[in-house]
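What follows is a single structure, written as structure tokens, with notes after it.
Naming: A, B, ... by sequence-line order, numbering from 1 per chain. Computed from a prediction, not measured in an experiment: that's the story for all the values here.
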There are 2 protein chains.
Amino acid sequence: MPTRRTDPLTLEVVELIGTVVARYHDEYEEAAAQHALTGAQARVLGLLSLEPTPMRKIAEKLKCEPSNVTGIIDRLESRGLAERRPDPADRRVKVAAPTEEGRDVARRLRESLHFAREPLGELTEAERTLLRDLLRRMLGTA
Amino acid sequence: MPTRRTDPLTLEVVELIGTVVARYHDEYEEAAAQHALTGAQARVLGLLSLEPTPMRKIAEKLKCEPSNVTGIIDRLESRGLAERRPDPADRRVKVAAPTEEGRDVARRLRESLHFAREPLGELTEAERTLLRDLLRRMLGTA
DNA sequence: TATTGTTATACTCTATAACTATA
DNA sequence: TATAGTTATAGAGTATAACAATA
């Protein structure tokens, strides 16, 4: 059972993490808006650019109901950034995939996400290693 | 001009931060939902519990248009969690303030935000100090 | 004239429930 | 029967524009 700490140091770290979260979120929305995308559209396009994905799977990754994905893909599709493909193995399934333009937008989107890349440039390699290990332990990854 | 790094170490740290952001966001929404609040309502109630705030100021803190705040405060007010008060110094201004029940909900909300408190319990004090300093430098705070 | 808050409008995201076509 | 995706619906957040009250 982990200790629940309320000392000033822990509270400061919590606040710093809150600041990181807020800044990350703001920069993500801003980058999406530069490409006339909503946050949800940008996230889905990012997913698809990694791998064409069935509608249901997209909902799982977004942690939302499958019915919502229909509209998001509709909007990406109407802008020529994504398309629905049949799954030869299961005719119920529709696999959403980025178009060539969609991949291009996703790439430029990724590049405009300076956050946590430029700021990390301020740290030495040893410091980045340290930060990685601390974050891993916080997240229970290692 | 900071260096834009794309080495594996930096990319892993970026991904870890993305994971932190996602987990933080999910836990926040979940905590809000436990009190039948949306994320936006919970954020505003949290603000008000620190200090009664004019509508316009709330919009600035939320980085949204003032017109949106009207509806959010309306919903908090209809649930008896917040109220609008006149500003004696400027009769155009309406100051939103939490009711006693609103303060109580805000307090319980804060307490249910385990994130970044329990995980930090896994770290020693020296490690938390290190993490604080690295985050500060990343954010340009120090 | 400028500012504060509101209203009206339209769009997107969200969950729920009912539907269809496949399996 | 069960599953994948859709449609229909309703609520909430968002931006924009126009408005009333006050400065």
Side-chain angles (χ1 to χ4, degrees), chain A residues 22 25-48 52-79 81-97, chain B residues 22 25-48 52-79 81-97:
Chain A
H25 183 265
D26 290 348
E27 293 200 9
Y28 195 91
E29 294 290 318
E30 193 181 325
Q34 278 168 10
H35 296 275
L37 294 171
T38 65
Q41 288 163 9
R43 271 187 292 280
V44 170
L45 193 56
L47 279 181
L48 302 189
T53 312
M55 305 296 280
R56 202 124 203 133
K57 200 85 178 179
I58 296 173
E60 285 167 18
K61 299 214 176 177
L62 257 61
K63 297 195 217 295
C64 76
E65 294 300 314
S67 59
N68 301 324
V69 179
T70 299
I72 296 171
I73 295 295
D74 280 352
R75 281 161 218 127
L76 288 175
E77 201 162 27
S78 73
R79 287 192 44 198
L81 301 177
E83 62 186 12
R84 287 168 166 92
R85 296 176 186 164
D87 179 343
D90 186 338
R91 294 197 302 173
R92 293 174 303 182
V93 173
K94 289 177 188 170
V95 179
Chain B
H25 183 264
D26 290 349
E27 294 201 9
Y28 194 92
E29 294 289 317
E30 193 180 326
Q34 278 169 9
H35 296 276
L37 294 171
T38 65
Q41 288 163 12
R43 270 186 293 279
V44 170
L45 193 55
L47 279 180
L48 302 190
T53 313
M55 305 298 279
R56 201 128 205 127
K57 200 85 178 179
I58 296 172
E60 285 168 18
K61 299 215 175 179
L62 257 59
K63 296 194 217 296
C64 75
E65 294 300 314
S67 60
N68 301 324
V69 179
T70 299
I72 296 171
I73 295 295
D74 280 351
R75 282 161 218 127
L76 288 175
E77 201 162 27
S78 73
R79 286 192 44 198
L81 301 176
E83 62 185 12
R84 288 168 165 91
R85 297 177 186 163
D87 179 344
D90 185 338
R91 293 198 303 171
R92 293 174 303 181
V93 174
K94 289 177 190 171
V95 179

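- B/Ile73 has its CD1 atom 15 Å from the C1' atom of D/dA12, to the nearest Å.
- If you check every strand for non-hydrogen atoms under 4.0 Å, A/Thr70 touches a base.
- Looking at the side chain of B/Glu65, the nearest of the listed nucleotides C/dA17, D/dG5, D/dT16 is D/dT16.
- For the pair A/Arg84/A/Val93, no side-chain contact is recorded, criterion being any heavy-atom separation below 4.5 Å from C-beta on.
- Rounding to the nearest 0.5 Å places OG1 of A/Thr38 at 7.5 Å from CG of A/Leu76.
- Between C/dG5, D/dG5, D/dA12, one nucleotide has an atom nearer to the side chain of B/Gln41 than all others, and that is D/dA12.
- Side-chain atoms of A/Glu77 and A/Glu83, non-hydrogen and from C-beta on, do get closer than 4.5 Å to each other.
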ask   = What string of B, S and - do you get for nucleotides 18-23 of chain C 5' to 3' if you count protein non-hydrogen atoms under 4.0 Å?
value = ----BS

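- Among the protein residues, B/Arg84 comes within range of the sugar-phosphate backbone only, with heavy atoms under 4.0 Å from sugar or phosphate atoms but none that close to a base.
- Atom CD in A/Gln41 sits 9.5 Å away from atom CD1 in A/Ile73 (nearest 0.5 Å).
- Closest to the B/Asn68 side chain, of the nucleotides D/dA15, C/dT14, C/dT7, is D/dA15.
- The heavy-atom pair separating A/Met55 from A/Ala96 by the smallest distance is SD-CB, 4.3 Å.
- For C/dT14, the OP1/OP2 oxygens have no side-chain nitrogen or oxygen of A/Lys63 closer than 4.0 Å.
- Side-chain atoms of B/Ser67 and base atoms of D/dT16 include a donor and an acceptor less than 3.5 Å apart.
- Nearest heavy atoms, B/Thr53 versus B/Leu47: OG1-O, 4.5 Å.
- Residues B/Pro66 and B/Gly71 each lie close to DNA chain D; by heavy-atom proximity, the contact nearer the 5' end of the strand is made by B/Gly71.
- For the pair B/Met55 CE and C/dT3 C1', the interatomic distance rounds to 15 Å; values are reported in whole Å.
- Neither OP1 nor OP2 of D/dA4 sits under 4.0 Å from any side-chain N or O of A/Lys57.
- Considering only the side chain of A/Cys64, C/dT14 comes nearest among C/dG5, C/dT14, D/dG5.
- The nearest heavy atom of DNA chain C to B/Val95 and to A/Leu62 marks one nucleotide each, and the one closer to the 5' end goes with B/Val95.
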